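This report refers to the structure that appears directly beneath it.
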There are 2 protein chains.
Amino acid sequence: MNPMARPIVHTDSLRHELLAVTAELVDRDGPARVTLRDVAAAAGTSTSAVYSLFGGKSQLLTAVVDDGFRSFHDSQAAAAEEGLQGLGVAYRAWALEHRALYRLMFGGALAAYVDCQPTPDVAADAMVPLIAAVAGAQAAGRLLPAPAEMVAVAIWGQVHGLVSLELAEVGPPDADWAAVYNAALDAVARGWAA
Amino acid sequence: MNPMARPIVHTDSLRHELLAVTAELVDRDGPARVTLRDVAAAAGTSTSAVYSLFGGKSQLLTAVVDDGFRSFHDSQAAAAEEGLQGLGVAYRAWALEHRALYRLMFGGALAAYVDCQPTPDVAADAMVPLIAAVAGAQAAGRLLPAPAEMVAVAIWGQVHGLVSLELAEVGPPDADWAAVYNAALDAVARGWAA
DNA sequence: CTTGTTTCATAACGCTGTTATGAAACAAGG
DNA sequence: CCTTGTTTCATAACAGCGTTATGAAACAAG
């Protein structure tokens, strides 16, 4: 029959362990300083685990990013009932809590590093709460009646840019980013108001 | 005395050649695929040149990024007389012409790769045309009278985010980015109008 | 206990940035 | 004209990376 050979250690739970460890190392040291040897050591296994469970470093990072998008989506969904302004506030809060991960997700740092992109469906899902909020505000007559998806992408871009600039530490080093962000959120709201 | 020893080849002109070659390779293959050996070979020299002229790979990339900021500043300055909308159009045009470089400059990809940041003064200079345009529009009573620098940072962030999302290829893959961008520029203008 | 099979930690490989080394290239002095 | 001295930089060596190949470890069956 099928001799069971030696017991399996590269299990699904190790997979999750590797994801968690990698996300932690990315957020602590930045993606550049994360090596497979460190990840494996921190998870108490060897580098082969990454290859048997993910396929390689780029797939591991992609999985981490996809998890990031899911966490981000949940954060957005939780803030959905607070309206567009609430989504904006939650957006920045999540980004500041996961700075390196956010850059990995949106900053193109991943694509710059290795040849991989976030899974399109997962990334698109993260936008759903915003699109829904836009559509809702349009139905209530409070927002310009342009295509909801287009308005959502534009608003997302505007908000993303503010957060991205803050994280990249480009611009005046003494800037009061919270104040800038709030003023910008108001301006975005005015800009798209019906 | 001072025996002149063998003639110097690591000159300032080779420095510029290395900068040009690196910028070209970055824009063609992305930062991940640029190696010092390739850069040196393309410039007809050896890797030592990078170390004697720049200090290492991170300083070379920093110099390329600083050059990028200067080029970007010039592009903005040239569009300054066309007003805020002109600056916005020029912004996206420059970014699309220098995709990889733009990501290196603003996307945090550089910080993710190696431990270096763009020279603060050079990056701040790139914002000067926008700040001037904001101040001008405020003086003419066409813009909200908030602190010019804050308004400029907010607008910059909004515009940057749109371009950044487009470059990162996050969001709907069939999006008409030009249309989104134009609509967003109008919304930004409305949002900050007096 | 031996055999057979599967699993995965270890070691080896090619490539990277970086550093060390020594040959190359000339000016000066015999 | 050749030796010597000095400077410069291409080459080779090194440590570390992601990845791949290998063979010992761990068990079921005979």
Side-chain angles (χ1 to χ4, degrees), chain A residues 1-19 21-22 25-26 28-65 104 109-116, chain B residues 1-19 21-22 25-26 28-65 104 109-116:
Chain A
M1 295 307 295
N2 194 4
M4 249 310 131
R6 90 186 214 183
I8 297 182
V9 238
H10 290 182
T11 67
D12 199 63
S13 92
L14 178 60
R15 214 190 94 97
H16 287 93
E17 172 77 10
L18 283 171
L19 278 176
V21 162
T22 305
L25 288 183
V26 164
R28 205 188 58 192
D29 305 333
R33 304 227 160 284
V34 172
T35 72
L36 285 192
R37 286 168 170 88
D38 286 349
V39 168
T45 179
S46 72
T47 57
S48 345
V50 173
Y51 288 88
S52 75
L53 288 172
F54 294 92
K57 187 186 190 183
S58 67
Q59 288 93 332
L60 171 63
L61 287 179
T62 300
V64 169
V65 164
L104 211 54
L110 189 78
Y113 248 109
V114 285
D115 295 323
C116 65
Chain B
M1 295 303 296
N2 193 5
M4 250 311 133
R6 88 187 215 182
I8 297 182
V9 220
H10 290 182
T11 67
D12 198 63
S13 91
L14 178 59
R15 214 190 93 97
H16 287 92
E17 172 76 11
L18 283 171
L19 279 176
V21 163
T22 304
L25 288 183
V26 164
R28 204 188 58 192
D29 305 334
R33 304 226 160 285
V34 172
T35 72
L36 285 192
R37 285 169 171 86
D38 287 350
V39 168
T45 178
S46 71
T47 57
S48 342
V50 173
Y51 289 88
S52 75
L53 287 173
F54 293 92
K57 188 185 189 181
S58 66
Q59 289 93 332
L60 171 63
L61 287 179
T62 301
V64 168
V65 164
L104 210 55
L110 188 79
Y113 247 110
V114 284
D115 295 322
C116 65

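By convention in this document, chain letters (A, B, ...) are assigned in the order of the sequence lines, proteins followed by strands, and residues within each chain are numbered from 1. What you see is a predicted model; the values in this text were computed from it and never measured.
In this structure, CG on A:Asp29 lies 8.0 Å from CG on A:Asp38, to the nearest 0.5 angstrom. Taken to the nearest 0.5 Å, the CG atom of B:Leu14 stands 12.0 Å off from the CD1 atom of B:Ile8. Here the straight-line distance linking atom CG of A:Leu36 with atom OG1 of A:Thr47 works out to 7.0 Å at 0.5 Å rounding. Here the straight-line distance linking atom CG of B:Leu53 with atom OG1 of B:Thr11 works out to 7.5 Å at 0.5 Å rounding. Atom-to-atom distance recorded for B:His10:NE2 and B:Ser46:OG is 5.0 Å, nearest 0.5 angstrom.
With contacts defined as side-chain heavy-atom distances shorter than 4.5 Å, the pair A:Val50/A:Lys57 does not qualify.
For DNA chain D, the neighbouring residues in residues 35-49 of chain B, judged by any heavy atom under 4.0 Å, are B:Arg37, B:Thr45, B:Ser46, B:Ser48.
Distance A:Leu14 CG to C:dT7 C1': 13 Å, rounded to the nearest Å. Rounded to an integer number of Å, the gap from CG of B:Leu53 to P of D:dA10 is 10 Å. We find that CZ of A:Arg33 is positioned 10 Å from P of D:dC17, with the value rounded to whole Å. One can place NE2 of B:His10 at 14 Å from P of C:dA25, the figure rounded to the nearest angstrom. In this structure, CD1 of A:Ile8 is placed 17 Å from P of C:dT5, rounded to the nearest angstrom. Nucleotide D:dT19 holds its C1' atom 17 Å from the CZ atom of A:Phe54, rounded to whole Å.
The nucleotide whose nearest atom lies closest to any side-chain atom of A:Arg6 is, among C:dT18, C:dA25, C:dC8, C:dC8. Listed nucleotides: C:dT7, D:dC27, D:dG18. Nearest to the side chain of A:Lys57: D:dG18.
The partner of D:dA26, taking Watson-Crick or G-U wobble pairs whose two distances both stay under 3.5 Å, is C:dT5.
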